[in-house]
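Only a predicted model underlies this, so the values are computations on that prediction, with no experimental measurement involved.
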Amino acid sequence: MRGQVEQDKALHFAAGAFAGATGALIASKVTKRNRFWTVTGSVAASFLAGLAKEAIDKGNGGEWDNGDLGATVLGGVTVGVSIELFSKKEGKYYVKRNKSKRKNKKKDKSMALY
């Protein structure tokens, strides 16, 4: 029984991480990469996913479990904080990274044949 409970919490954590990553992506796009709203979107999305899952469980005759809700939110918090820690920042906005330095180089047109 204990192993099943631990696996359930791990699944809630993973679902919260997925929902948090989705919420962070949406919030980042909507707010033009504002750091505060990206993290807030991550936590809010995981909280909403946890509430929805617990409401479904309660509606199907199960019990409301705050531990499951906490594990789901913790997954979203983990993703939100990870994005904050590992993203390149400038002020309150994230900075877009250049995927290729070759794109930014100017071509030398002195030897171009037309």
How far does [atom1] of [X] sit from [atom2] of [Y], to the nearest 0.5 angstrom?
{"X": "F13", "Y": "S46", "atom1": "CZ", "atom2": "OG", "value": "10.0 Å"}
{"X": "S28", "Y": "I83", "atom1": "OG", "atom2": "CD1", "value": "8.0 Å"}
{"X": "S87", "Y": "R35", "atom1": "OG", "atom2": "CZ", "value": "9.0 Å"}
{"X": "W64", "Y": "L51", "atom1": "CH2", "atom2": "CG", "value": "5.0 Å"}
{"X": "L69", "Y": "L74", "atom1": "CG", "atom2": "CG", "value": "11.0 Å"}
{"X": "E54", "Y": "D65", "atom1": "CD", "atom2": "CG", "value": "5.5 Å"}

Smallest heavy-atom separation, A19 atom then A45 atom, equals O-CB, 3.3 Å
Those residues at least two apart in sequence (or on a different chain) that pass side chain to side chain contact (heavy atoms under 4.5 Å, CB included) with I26 are T22, V30
For residues 56-63, tabulate all N or O donor-acceptor pairs below 3.5 Å that involve a side-chain atom, not counting sequence neighbours.
unit_1, atom_1, unit_2, atom_2, d
D57, OD1, K53, NZ, 2.6
D57, OD2, K53, NZ, 3.3
N60, ND2, I56, O, 3.3

- prompt: For the hydrophobic clusters of this structure (ILVMFWY residues joined by side-chain heavy atoms under 4.5 Å, transitively), does one cluster hold both V43 and L85?
  reply: yes
Hphob cluster co-occupancy, L48 + V73, side-chain heavy atoms under 4.5 angstrom:
no
Quick note, side chain to side chain donor-acceptor pair (under 3.5 Å) partners involving residues 69-79, not counting sequence neighbours, are H12-T72
